[in-house]
Amino acid sequence: EDKVVQSPLSLVVHEGDTVTLNCSYEVTNFRSLLWYKQEKKAPTFLFMLTSSGIEKKSGRLSSILDKKELFSILNITATQTGDSAIYLCAAGGGATNKLIFGTGTLLAVQP
Amino acid sequence: DSGVTQTPKHLITATGQRVTLRCSPRSGDLSVYWYQQSLDQGLQFLIQYYNGEERAKGNILERFSAQQFPDLHSELNLSSLELGDSALYFCASSVAVGTSGRARGTDTQYFGPGTRLTVL
């Protein structure tokens with residue numbers, strides 16, 4: 001059965017800290033891994049990773065995929081209170097690009 | 001703003017009733033996906049449509065059904081509602097499935113704002 005597991009479930013940090021969020025996956029005919037940020041309502045897209053070992057960066061956020069070990073990490077440096085959210089990881093596979101989501105990591109950044 | 005719209009924003013209804021949730025994908029997107037998010041289950045894939053046809057099914061109950069219309073908007077119908085159906089229902093869309101009929105696995109799904117369903 002396809003599954004995506006995220007860790008930790010939640011973490012609390014102080015502003016300025018660096019955090020690493022983990023995502024492991026087992027998905028048939030894996031094609032892509034996506035990271036989303038969910039604050040109040042809809043998940044908003046952060047990154048999509050398809051190639052192993054290539055880091056994607058957007059400001060203080062970066063992510064990398066390891067297709068051999070079947071995991072991805074999301075790094076956030078110099079965290080800010082606005083980074084507080086649930087971070088969702090999803091793996092897409094098969095002919096229909098169906099996404100399997102993890103349960104998310106709740107990040108709380110305290111001032 | 002992702003470009004995906006969903007209506008209504010919030011629905012409150014009683015058990016046993018039926019509701020319809022509506023989704024308009026981003027302009028140019030042919031694939032529509034429905035998800036259910038509840039506190040204890042996380043984000044669960046329900047069903048996918050591509051250009052009017054069902055493409056994939058996930059954890060969708062028999063009491064639920066969906067369709068995609070020629071103008072590409074989609075509706076999710078939930079019937080015989082139960083308390084446990086209370087959740088956020090998201091619609092997402094992606095660019096396209098390839099001309100061969102196979103999904104382009106690199107398509108990003110963009111989410112609408114969701115409809116919060118409360119069943120009393």
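Just so it is clear, the values below take in all heavy atoms, side chains as well, and ignore hydrogens, waters and symmetry mates. Chain letters run A, B, ... following the sequence lines, proteins first, then strands; residues in each count from 1.
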Atom CG of D1(B) and atom OG1 of T44(A): how far apart are they, to the nearest 0.5 Å? 12.0 Å
Around H14(A), counting heavy atoms of other residues, nucleotides and ligands shown, do more than 12 lie under 6.0 Å from its NE2? no
L65(A) and L21(A): same hydrophobic cluster, using ILVMFWY side-chain contacts below 4.5 Å? yes
Is there a chain of hydrophobic side chains (I, L, V, M, F, W, Y, each step under 4.5 Å between heavy atoms) that links V19(A) to L61(A)? yes
Part of K57(B) within contact of chain A (heavy atom distance under 4.5 Å): backbone
Checking heavy-atom separations under 4.5 Å from chain A, one finds in residues 112-120 of chain B G112(B), P113(B), G114(B)
Counting only heavy atoms not in K3(A) (residues, nucleotides, ligands), do more than 12 fall under 6.0 Å from its NZ? no
When only heavy atoms count and the cut-off is under 4.5 Å, which of residues 76-92 of chain B reach chain A? L88(B), F90(B)
Is L88(A) close to chain B through its backbone or its side chain, or both, or neither, when contacts mean heavy atoms under 4.5 Å? side chain
Test ring-ring contact (aromatic ring centres under 6.0 Å, His included) applied to F111(B) and F45(A), step by step: CA-CA 8 Å; F111(B) 282 75; F45(A) 172 74; over 10 Å; no
Using ring-ring contact (aromatic ring centres under 6.0 Å, His included) as the criterion, list what pairs up with F30(A), not counting sequence neighbours. Y25(A)
Establish whether Y87(A) and L49(A) are linked, either directly or via other cluster members, by ILVMFWY side-chain heavy-atom contacts under 4.5 Å. yes
Distance in Å, F45(B) CZ paired with L99(A) CG, rounded so as to fall on 0.5 Å steps: 8.5 Å
Using the side chain to side chain contact (heavy atoms under 4.5 Å, CB included) rule, take Y36(A) and Q109(B) through it: C-alpha gap first, then chi angles, then the decisive distance, then the call. CA-CA 10 Å; Y36(A) 288 86; Q109(B) 293 180 25; 3.6 Å; yes
Need one label for Q37(B): side chain, backbone, both or neither, based on atoms under 4.5 Å from any heavy atom in chain A. side chain
Tracing side-chain links under 4.5 Å among I, L, V, M, F, W and Y, which residues wind up in one group with I54(A)? none
